[in-house]
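Read the structure below first, then the notes.
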Amino acid sequence: QVQLVESGGGLVQAGASLRLSCVASGRTFSSNPMGWFRQAPGKEREFVAGIGWSGGLTVYADSVKGRFAISRDNAKNTVYLQMNSLKPEDTADYYCAADSRFTSRNYIPQARYEYNYWGQGTQVTVSS
């Protein structure tokens, strides 16, 4: 059974940092792009950041550019999201996702439908 399990969420004050982790089990995604999405209460799930299979290519939503950094360790089958200078508007459930449709391609999906594996999410709350 393939699973993506997120961790690292929590309650922090504005300006603080958090590091989210997503560990994959059941198969490897070392040749596939992976991404982070978030969903705030009452809102659609939105793309936050994505990383190519080798880690050399990344893309970010404008709202987090310069504050968040995505990385991956293929030997550990893990992807990370370092979140700095957190704002109250970053409050959401954060989801890890993987796109297994293609391998070793220099393309990072940004649409939900392009990802076919999802984690259960980890909650991030930023107080003002």
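The structure displayed is predicted, hence computed values, not measured ones.
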>> Working note: R105 + T103, criterion side-chain contact (heavy atoms from CB on, under 4.5 Å); need CA distance, chi angles, decisive distance, verdict.
In response: CA-CA 5 Å; R105 191 171 63 142; T103 60; over 6 Å; no
> Does the side-chain contact (heavy atoms from CB on, under 4.5 Å) test come out yes or no for Y117 and M34, once each step is laid out?
Replying inline: CA-CA 9 Å; Y117 288 96; M34 297 187 72; over 6 Å; no
> Stepwise, does the side-chain contact (heavy atoms from CB on, under 4.5 Å) test hold for T122 with D93?
Replying inline: CA-CA 5 Å; T122 184; D93 291 326; over 6 Å; no
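A donor-acceptor distance shorter than 3.5 angstrom exists from the side chain of N77 to the backbone of A24, with no hydrogens or angles considered. A donor-acceptor distance shorter than 3.5 angstrom exists from the side chain of T78 to the backbone of K76, with no hydrogens or angles considered. With hydrogens and angles ignored, the 3.5 Å screen pairs a side-chain donor or acceptor of T91 with a backbone N or O of V126. Under the 3.5 Å distance criterion, the side-chain polar atoms of E46 are left unmatched by any main-chain donor or acceptor of R38. With hydrogens and angles ignored, the 3.5 Å screen pairs a side-chain donor or acceptor of R72 with a backbone N or O of G52. No donor-acceptor pair under 3.5 Å is formed between the side chain of E6 and the backbone N or O of C22. At distances below 3.5 Å, at least one donor-acceptor pair connects side-chain atoms of R67 with backbone N or O atoms of S85.
Residues Y60 and F47 keep their aromatic ring centres 6.0 Å or farther apart. For an aromatic pair to be called close, the ring centres must be under 6.0 Å apart, and W53 with F29 fails this.
Under the side-chain contact (heavy atoms from CB on, under 4.5 Å) test applied with V79, the options I51, L4, L20 reduce to a single match, I51.
Both L18 and V48 are part of a single hydrophobic cluster, where members link through side-chain heavy atoms under 4.5 Å apart. F37 is not connected to F68 by any chain of hydrophobic side-chain contacts under 4.5 Å among Ile, Leu, Val, Met, Phe, Trp and Tyr, and they are in different clusters. Under the 4.5 Å side-chain heavy-atom criterion for Ile, Leu, Val, Met, Phe, Trp and Tyr, V64 and Y115 are members of distinct hydrophobic clusters. Neither Y80 nor M83 shares a network with the other; the hydrophobic side chains, linked directly or stepwise wherever heavy atoms of I, L, V, M, F, W or Y lie under 4.5 Å apart, form separate groups for each.
Taking every heavy atom of both residues into account, P109 and D99 meet most closely at CG-OD2, 3.2 Å. The minimum heavy-atom distance linking W118 with R112 is given by the pair CZ2-O, 3.6 Å. The minimum heavy-atom distance between V12 and A16, with the atom names listed, is CB-CB, 3.9 Å. The two residues A92 and A40 come nearest to each other via the heavy atoms CB-N, 3.8 Å.
For Y107 and E114, the side-chain atoms include at least one donor-acceptor pair closer than 3.5 Å. Using a 3.5 Å distance cut-off with no hydrogens or angles, the side chains of N32 and S100 do not pair a donor with an acceptor. No hydrogens or angles considered: a donor-acceptor pair under 3.5 Å links the side chains of N84 and S17.
We find that K87 and D90 are not joined by a salt bridge, their nearest charged nitrogen and carboxylate oxygen being 4.0 Å or further apart.
Atoms CG and OG1, from N74 and T28 in turn, are 6.5 Å apart once rounded to the nearest 0.5 Å. Note that the SG atom of C96 and the CD1 atom of I70 stand 8.0 Å from one another [nearest 0.5 Å]. Here OH of Y94 is found 10.0 Å from CH2 of W36. Values are rounded to the nearest 0.5 Å.
Remark: K43 NZ is loosely packed, at most 12 non-hydrogen atoms of other residues, nucleotides or ligands lying under 6.0 Å away.
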